[in-house]
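To find a chain, count down the sequence lines: A is the first, B the second, and so on, and within it residues start at 1. Just so it is clear, the values below take in all heavy atoms, side chains as well, and ignore hydrogens, waters and symmetry mates.
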There are 2 protein chains.
Amino acid sequence: MDQGLHGEVAGRMSGIGQRYTRGRRSLVEVLADTPGPLTAAELVAASASIPQSTVYRNLAVLGQAGVVHRVVGTDEFVRYELSEAVTGRHHHHLVCRRCGAVEDFAAPSGLERSVTTLMDAIGADRGFRAETHRLDVVGTCSGCSS
Amino acid sequence: MDQGLHGEVAGRMSGIGQRYTRGRRSLVEVLADTPGPLTAAELVAASASIPQSTVYRNLAVLGQAGVVHRVVGTDEFVRYELSEAVTGRHHHHLVCRRCGAVEDFAAPSGLERSVTTLMDAIGADRGFRAETHRLDVVGTCSGCSS
DNA sequence: AACTAGAACAGGAATGATTCTCATTTCAAC
DNA sequence: GTTGAAATGAGAATCATTCCTGTTCTAGTT
């Protein structure tokens with residue numbers, strides 16, 4: 001398990017005046033162990049003994065700390081993952097329009113550079129302060145194309 | 001106003017055994033006249049006299065026909081726009097994380113080509129049938145960065 | 001080791017965008 | 001102009017998410 005992860009998270013939590021409690025740590029561990037974003041329901045199921053209301057509340061707090069962020073796919077559920085600032089891994093998502101599953105993937109660095117250039121240009125052209133980007137590839141996952 | 005638009009939509013509707021009624025046409029017109037996706041509430045407000053339940057139901061039907069599609073931003077509202085198949089204009093979105101506003105923009109064709117190449121590669125690598133992509137630039141719009 | 005004040009928690013109720021229901025109205029074809 | 005199916009209108013229902021409230025835990029102090 002990544003030793004620096006909890007230190008980084010603890011620092012961000014205390015930075016906004018919040019404690020890094022056992023329950024919050026357990027959420028972060030589940031997210032760190034999963035290779036893709038999870039729905040709130042999946043997190044509730046995975047963290048037996050943490051009630052739903054606490055899971056939601058802590059996801060909100062972790063979100064304010066910049067530890068966790070929300071991923072929207074094509075279904076009605078919001079998904080959560082550790083933020084790039086914490087994992088150090090910039091990535092994008094494969095979204096299945098059938099079952100709603102979301103999986104991570106990394107884009108080639110050339111493409112990322114093109115996107116960065118585009119973001120700068122948009123700032124200049126439109127007065128929009130571009131901060132980040134989302135690139136989702138939408139289609140049908142291997143499980144659903146049977 | 002685009003004369004071919006309604007013909008195209010009518011064809012798609014009858015293709016799935018649905019009528020292209022006055023109310024549905026009025027929704028399509030509002031969407032065609034607006035340079036960006038609209039929330040359901042905005043559509044209800046813009047189409048005075050069409051009740052909310054009908055707006056939602058017709059958006060769902062137009063979605064099945066491939067005429068309209070859903071856009072998710074950063075706030076809790078789903079937005080709707082005419083699909084690329086109907087407008088012929090491939091584009092992406094600028095999303096303000098402050099106010100949630102969504103605006104269209106076109107990416108340079110070189111970037112689009114890189115994304116297409118990437119989508120093909122993903123199909124080969126992972127068995128994911130890539131059908132389309134979403135590229136959103138997230139930041140702060142000019143109105144919100146005062 | 002107990003005290004205390006504030007934070008976090010547990011459980012359940014409330015919220016609100018979206019979807020569903022069903023009685024009524026419209027439409028298209030005969 | 002009748003008829004049967006589809007669309008509409010109004011409101012109720014759904015359900016992921018958020019809020020509320022009383023209780024429990026924690027960190028810092030003596």
_Please report the distance, rounded to the nearest Å, between OH in Tyr80(B) and P in dA17(C)._
12 Å
*Distance, rounded to the nearest Å, where Phe77(B) contributes CZ and dT18(C) contributes P*: 7 Å
*Just report the end-to-end axis angle for the helix from dA1(C)-dT30(D) to dC30(C)-dG1(D), five pairs per end, to 10 degrees.*
30°
*Could you state the atom-to-atom distance from OH of Tyr56(A) to P of dA10(C) in whole Å?*
16 Å
*Side-chain hydrophobic cluster, 4.5 Å single linkage: members besides Val72(A)*: Val72(B)
*Reckon Thr21(B) touches a base, only the sugar-phosphate, or nothing at all at heavy-atom distances under 4.0 Å?*
sugar-phosphate
*Flag the pair Arg89(B) and Glu84(B) as a salt bridge only when some basic side-chain nitrogen lies within less than 4.0 angstrom of an acidic carboxylate oxygen.*
no
*Under 4.0 angstrom, heavy atoms only, what part of the nucleic acid is Val78(A) near: base, sugar-phosphate, or nothing?*
sugar-phosphate
*Base, sugar-phosphate alone, or nothing: which one does Gln18(A) contact when heavy atoms must sit under 4.0 Å apart?*
sugar-phosphate
*Closest to the Glu76(B) side chain, choosing from dA17(C), dC20(C), dA10(C)*: dA17(C)
*Rounded interatomic separation in angstrom, taking CE from Met13(B) and P from dC27(C)*: 15 Å
*Contact boundaries of DNA chain D with chain A (under 4.0 Å, heavy atoms), 5' to 3'?*
dA16(D) to dT26(D)
*With heavy atoms under 4.0 Å as the rule, sort Ala40(A) into base, sugar-phosphate or nothing.*
sugar-phosphate
*Is the closest basic N to carboxylate O distance between Arg79(B) and Glu81(B) below 4.0 Å?*
no
*Of Arg22(B) and Arg24(A), the one whose closest DNA chain C nucleotide lies more 5'*: Arg24(A)
_Less than 4.0 angstrom from a charged side-chain N to a carboxylate O is my criterion; do Arg12(B) and Glu8(B) meet it?_
yes
